[in-house]
Amino acid sequence: MNALNKKTVEDIDVSGKRVLVRCDFNVPLKDGEITNDKRIVAALPTIEYLIEQGAKVILCSHLGRPKGEYKSEFSLAPVAKRLSQYLNREVQLADDENVVGENAKAIAASLENSQVMLLQNVRFRKEETKNEESFSKELASLADIFVNDAFGTAHRAHCSTTGVAAYLPAVCGYLIQKEITFMGTALQNPKRPLVAILGGAKVSDKIGVITNLLDKCDTLIIGGGMAYTFMKSLGYNIGTSLLEEEQVEAAGQMMKDAKAKGVKFIIPVDNKIGREYDENTEAKIVDSDNIPDGWMGLDIGPKTQQLFADAIKGAATIIWNGPMGVSEWDNFAAGTIAVAKAVAETGAVSIVGGGDSVAAVTKLGFSDKMSHISTGGGASLEFLEGKELPGIAALADKD
């Protein structure tokens, strides 16, 4: 899939047209209030462009997991309210239990140029996640053009991400364009050296990514819980650290493949270990080949922080997915902080994906030092694996 060759909102005349825009408004709510509206803010450039161009804008999104039925706690009403504030105009919510109901049809029919409406949560319909044609047609019947700007769900073939594209001219918005430009370029034509940093708990979640990146990067750095499976493959004693026994052989093979391809493959040389999986557990620093029985690795150690920082220093492009330790605990966040700091100081093109590494970078105040922070967890992982994302594949190619 050449994702870089997709048509965008700027490649199509939207003036006076009804434009259905799939956004990712899956925001966290507490007692009906939005606790973090980053995803709403990320959607604004596309919406504002359509308003400026005089389109009639029909927004849609999912929120949470209502499992195919109307549940008021998953209503998009708080999103409509927040959007109205940001856009300085009323965003009417079509509050239909069946999403494309009488309200939606009436409001869509009466929309004037530059007016904005929001459909109710598309996952109130069980057809949505099954990508059933009937609901795709209902959504398409409201509009003349479809714009997908929800990268976070681009790896899902649902009615509102791919189904509707069969019935309307389909292009991407600015958010998806930014995602595929940064990540597509980093994978297809990166400035070198390309350094990939992978963390997180499980090797099994990242096998596809590692395999794909071994053909593309110059250095691969492994941290987080998954590193202990690699240590085990080298015959190290890892105590009670996280281990995927069935992946030990694959881990060893990946290290051999890296060597054969001339890729520097770096795993931790020391670790901060704890007696138990607890934020306030007794902790100490030991070398990777010397974790005592009954202890578990919970973060990378100071020698590894230096080793990783040195490897990151010379990079021209950096892809980072996953934390280096249990970064949500202050006692075991030093490794992730050190990596974030090293990435922020390089001046390289830096792409951060995956919820935990994004949270760490944001919490530490390094967000503005990164070139691109991906809005998709699963979607960015699948993109890094080289998989075709249905929500992007369904969009029209440039001529």
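Among residue pairs with one or both ends in residues 12-22, those qualifying as side chain to side chain donor-acceptor pair (under 3.5 Å) are Arg22-His62, Arg22-Ser160; sequence neighbours excluded. For residues 278-308, no pair satisfies ring-ring contact (aromatic ring centres under 6.0 Å, His included), with sequence neighbours left out. For the ring-ring contact (aromatic ring centres under 6.0 Å, His included) condition, the pairs that include at least one residue of residues 111-157, sequence neighbours left out, are Tyr70-Phe124. Counting only residues at least two apart or in different chains, ring-ring contact (aromatic ring centres under 6.0 Å, His included) contacts with residues 225-261 comprise Phe230-Phe265.
To the nearest 0.5 angstrom, Leu119 atom CG is 9.0 Å from Ile107 atom CD1. Rounding to the nearest 0.5 Å places CE of Met370 at 12.0 Å from CD1 of Ile351. Taking CG from Leu83 and CZ from Arg89, the interatomic distance works out to 12.0 Å, rounded to the nearest 0.5 Å. Residue Ile337 holds its CD1 atom at 9.0 Å from CD of Gln305, rounded to the nearest 0.5 Å.
With no hydrogens or angles considered, no side-chain donor-acceptor pair links Asn121 and Ser75 at under 3.5 Å. Between Glu244 and Ser204, the side chains place a donor N or O and an acceptor N or O closer than 3.5 Å (distance only, hydrogens not considered). With hydrogens and angles left out, the side-chain atoms of Tyr49 and Glu10 include no donor and acceptor closer than 3.5 Å.
Summarising the geometry of Gln120 relative to Leu76, their closest heavy-atom pair is OE1-N, 2.9 Å, with the distance given to 0.1 Å.
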**Step-by-step side-chain contact (heavy atoms from CB on, under 4.5 Å) determination, His372 to Lys178** = CA-CA 8 Å; His372 179 62; Lys178 186 174 178 232; 3.4 Å; yes
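Membership of the apolar cluster around Val326 extends to Tyr277, Met296, Leu298, Trp329, Phe332, as traced through chained side-chain contacts below 4.5 Å between ILVMFWY residues.
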Atom pairs and distances, side-chain donor-acceptor, residues 248-257, under 3.5 Å, sequence neighbours left out:
from, atom 1, to, atom 2, distance (Å)
Gln253, NE2, Asp257, OD1, 3.0

Can you give me every donor-acceptor pair (side chain of residues 310-322, partner residue at least two apart or in another chain, under 3.5 Å) with its distance?
from, atom 1, to, atom 2, distance (Å)
Asp310, OD1, Gln306, NE2, 3.0
Asp310, OD1, Lys313, NZ, 3.1
Thr317, OG1, Lys191, N, 3.2
Thr317, OG1, Lys191, O, 2.7
Trp320, NE1, Gly322, O, 2.7
Asn321, OD1, Lys206, NZ, 3.3

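Other residues, nucleotides and ligands place no more than 12 heavy atoms under 6.0 Å from the NZ atom of Lys38. Residue Glu73 places its CD atom among more than 12 non-hydrogen atoms of other residues, nucleotides or ligands, all under 6.0 Å distant.
The side chain to side chain contact (heavy atoms under 4.5 Å, CB included) search around Ser367 returns Val361, Thr362, Ile373, not counting sequence neighbours. Partners of Lys341 under the side chain to side chain contact (heavy atoms under 4.5 Å, CB included) rule, at least two apart in sequence or in another chain, are Glu345, Phe366. By the salt bridge (Lys or Arg N to Asp or Glu O under 4.0 Å) test, Arg123 is found to be paired with no residue, residues two or more places apart in sequence or in another chain being considered. For Asp37, the side chain to side chain contact (heavy atoms under 4.5 Å, CB included) partners at least two apart in sequence or on another chain are Ile34, Ile40, Val41, Arg82, Tyr86. Every residue meeting the side chain to side chain contact (heavy atoms under 4.5 Å, CB included) condition with Leu175, not counting sequence neighbours, appears here in chain and number order: Ala42, Asp149, Thr375.
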